Amino acid sequence: MSAKPETRGIGRRRFLMRAAGGVGTLLLAGCDRLSTNPKVTRILDGAESLSQFVQRLITGRAALAPEYTEADISRDFKSNGTQDPDDEDYQALAKNGFADWRLEVGGLVDHPLRLSLEELRQLPARSQITRHDCVEGWSCIGKWKGAKLGPLLDRAGVKPEARYVVFYCADAMDATGAKYYESIDLDSAYHPQTILAYEMNDQVLPVPHGAPLRLRVERQLGYKMAKYIMRIELTRGFADIADGGGGYWEDQGYEWYAGI
Ligand SMILES: Nc1nc2c(c(=O)[nH]1)N[C@H]1C(S)=C(S)[C@@H](COP(=O)(O)O)O[C@H]1N2
Ligand SMILES: [Mo]
C-alpha cells in the first residue's frame, strides 16, 4: 500500500489535529475552535486533505494560479514520466495523427460523450501561460490551450451524486500493465484554468507532452496533469479504482491533493 507510515502510524486523526493545530495558531483563533469547525471535522473524517484545506483557508479554491507572458516561456520544457506510450492502440492512433482517437466521457453523466479532436476544438477554450511544478523539484513555463473542463462536463450533464473526475491514460507504468490515471474533485474540475489541452506553445500538443490531450490543473503539482487521456469518468469516489489512492503516483504514496 501507499508509503505514509508516519501518518498512518500515529493515527490520522491525531496527526491531522497536530498539523491543523500549527496552522490554526496562524490562521484561526486556536485549537479548541478548530475541533468544532465543520471544515476541520471534514478533514478529520478524511473527506478533505490537510493541504487542500490549508489552500482553501489561505486563498480560496477559486483563486487563479499566476500567469506569465510570452517572454517567460521556457525554451526547453522538460518532458517527464512517459514520453511516448508503447501501448499498441496508442501507437496506431498516433500514426494516423489521432484522427481516429475519441475522448470518452462516461460514468455518472446524463449523456455519455465520444468527442473527436475536431469536436473538442469547438468547445469553449482557454489559453494560459503557466508554470508547471514537478514534485521532483523542477519547473517550466509553457503556454497551453484547450477545452475548459467545466463546460465540457456541463455538456455531458454531471449527475448530482458525482464528486470526482477520473482520467484514464494510454500509458502503462510497469510490468503489470497498470496504466497511469488521475482524479480531481469537481471544485478543481470547474476551476477556470482547468483545461484539456490540445496545444502547447501554439503548436499541436506533442507526444512527449501528452498528445492528443492532457489535463492542466494549474493549482496543483505536475503529476496531477494526466497526459495521453483516453477516457474520463465521473464517479462517487475512487477507493475501488486501482489501489484506491486516486492516481498512479498517489497509489505509491503521493498526496491526492497536490496544491501548490
Ligand atoms: N499519462 C501520464 N501522465 C503524466 C505522467 C506520466 O508519466 N504519464 N507524468 C506526470 C508527471 S510526474 C509530470 S511532472 C508531468 C510531466 O509533463 P510533461 O512531460 O509535459 O513535462 O506529467 C504528468 N502526467
Ligand atoms: Mo512530476
Side-chain angles (χ1 to χ4, degrees), residues 1-13 15-16 19-20 42-56 61 65 78-83 85 87 106-108 132-139 149 153 162-191 193-197 209-210 213-260:
M1 271 292 300
S2 65
K4 280 189 258 176
E6 70 286 3
T7 55
R8 298 263 157 85
I10 62 170
R12 184 174 166 82
R13 255 178 192 266
F15 169 76
L16 286 175
R42 270 174 59 76
I43 297 188
L44 296 176
D45 292 341
E48 191 171 15
S49 77
L50 184 63
S51 65
Q52 182 173 7
F53 171 72
V54 169
Q55 189 176 78
R56 247 189 241 273
R61 282 286 291 276
K78 186 177 153 72
S79 165
N80 204 33
T82 304
Q83 299 182 20
D87 178 80
L108 298 172
H132 177 105
D133 296 320
C134 174
V135 72
E136 293 167 358
W138 56 272
S139 300
L149 183 54
L153 293 180
R163 287 190 57 202
Y164 299 97
V165 187
V166 183
F167 302 87
Y168 291 94
C169 308
D171 51 322
M173 298 301 288
D174 53 38
T176 72
K179 291 196 165 179
Y180 205 93
Y181 77 103
E182 257 303 338
S183 61
I184 58 176
D185 62 18
L186 290 181
D187 273 354
S188 286
Y190 279 89
H191 185 280
Q193 287 169 320
T194 299
I195 61 175
L196 296 175
H209 296 289
L213 198 71
R214 69 99 50 87
L215 177 65
R216 296 300 309 171
V217 48
E218 305 291 357
R219 300 283 307 278
Q220 298 197 54
L221 288 171
Y223 63 85
K224 298 299 293 186
M225 317 233 190
K227 307 194 283 188
Y228 317 112
I229 299 173
M230 307 301 285
R231 187 159 59 88
I232 293 181
E233 208 174 280
L234 277 290
T235 67
R236 274 192 191 81
F238 45 74
D240 54 354
I241 301 169
D243 286 342
Y248 176 77
W249 284 112
E250 288 85 334
D251 284 340
Q252 328 297 317
Y254 284 22
E255 283 288 320
W256 176 77
Y257 189 82
I260 335 182

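For this chain, numbers begin at 1 and follow the sequence in order. Being a predicted model, the structure only gives us computed values, none of them experimental. All values below come from the heavy atoms of this structure, side chains included, with hydrogens, waters and symmetry mates left out.
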- Message: Determine whether Leu108 and Arg236 satisfy the following criterion, side-chain contact (heavy atoms from CB on, under 4.5 Å), listing intermediate values before the conclusion.
- Response: CA-CA 8 Å; Leu108 298 172; Arg236 274 192 191 81; 3.9 Å; yes
- Query: Do you know which of Tyr180, Tyr254, Phe167, Trp249 makes ring pair (Phe, Tyr, Trp, His ring centres under 6.0 Å) with Tyr223?
  - Reply: Tyr254
- Considering only heavy atoms from C-beta outward, does the side chain of Arg216 approach that of Gln193 to under 4.5 Å? no
- Glu218/His191 under side-chain contact (heavy atoms from CB on, under 4.5 Å): CA gap, chis, key distance, verdict: CA-CA 9 Å; Glu218 305 291 357; His191 185 280; 5.9 Å; no
- Query: Taking all non-hydrogen atoms of both residues, which atom of Ile260 and which atom of Leu221 are closest, and how far apart?
  - Reply: CG1-N, 3.8 Å
- Message: Testing the basics here: between Leu186 and Ala162, what is the closest heavy-atom pair and its distance to 0.1 Å?
- Response: CD1-O, 3.3 Å
- Query: Do the side chains of Ile195 and Leu149 get nearer than 4.5 Å, heavy atoms only?
  - Reply: no
- Message: So which atom in Ile241 and which in Val166 form the shortest heavy-atom distance, rounded to 0.1 Å?
- Response: CD1-CG2, 3.9 Å
- Which atoms form the tightest heavy-atom contact between Ala226 and Cys169, and what is the distance? CB-SG, 3.6 Å
- Query: Is there a side-chain contact between Ile184 and Tyr164, using heavy atoms and a 4.5 Å cut-off?
  - Reply: no
- Message: Among residues at least two apart in sequence or on other chains, which ones pass side chain to side chain contact (heavy atoms under 4.5 Å, CB included) with Asp87?
- Response: Asp89, Tyr90, Lys179
- Task: Rounded to the nearest 0.5 Å, what's the gap from CG on Asp187 to OG1 on Thr194? Could you check?
- Result: 10.0 Å
- Query: What pair of heavy atoms forms the shortest contact from Val217 to Ser188, and how long is it?
  - Reply: CG2-CB, 4.2 Å
- pair Ile232-Leu196: side-chain heavy atoms closer than 4.5 Å: yes
- Write down the atom of Ser183, the atom of Trp256, and the distance for their closest heavy-atom approach. OG-NE1, 2.8 Å
- Query: With side chains defined as the heavy atoms from C-beta onward, is the minimum distance between Lys78 and Trp138 less than 4.5 Å?
  - Reply: yes
- Task: Could you please spell out the steps behind the side chain to side chain donor-acceptor pair (under 3.5 Å) verdict for Asp251 and Tyr181?
- Result: CA-CA 10 Å; Asp251 284 340; Tyr181 77 103; 2.7 Å; yes
- Query: Would Lys224 and Glu255 pass as an ion pair if we require N to O under 4.0 Å?
  - Reply: no
- Examine distances only and state if a side-chain atom of Ser79 and a backbone atom of His209 form a donor-acceptor pair shorter than 3.5 Å. no
- Query: Got a donor-acceptor contact below 3.5 angstrom from the Gln220 side chain to the Ala258 backbone?
  - Reply: yes
- Query: Considering only heavy atoms from C-beta outward, does the side chain of Asp243 approach that of Phe238 to under 4.5 Å?
  - Reply: no
- Interatomic distance, Leu213 atom CG to Tyr228 atom OH [nearest 0.5 angstrom]: 12.5 Å
- Donor-acceptor contact below 3.5 Å, side chain Arg163 vs main chain Gly237: no
- Sub-3.5 Å donor-acceptor pair from the side chain of Lys227 to the main-chain atoms of Thr82, do we have one? yes
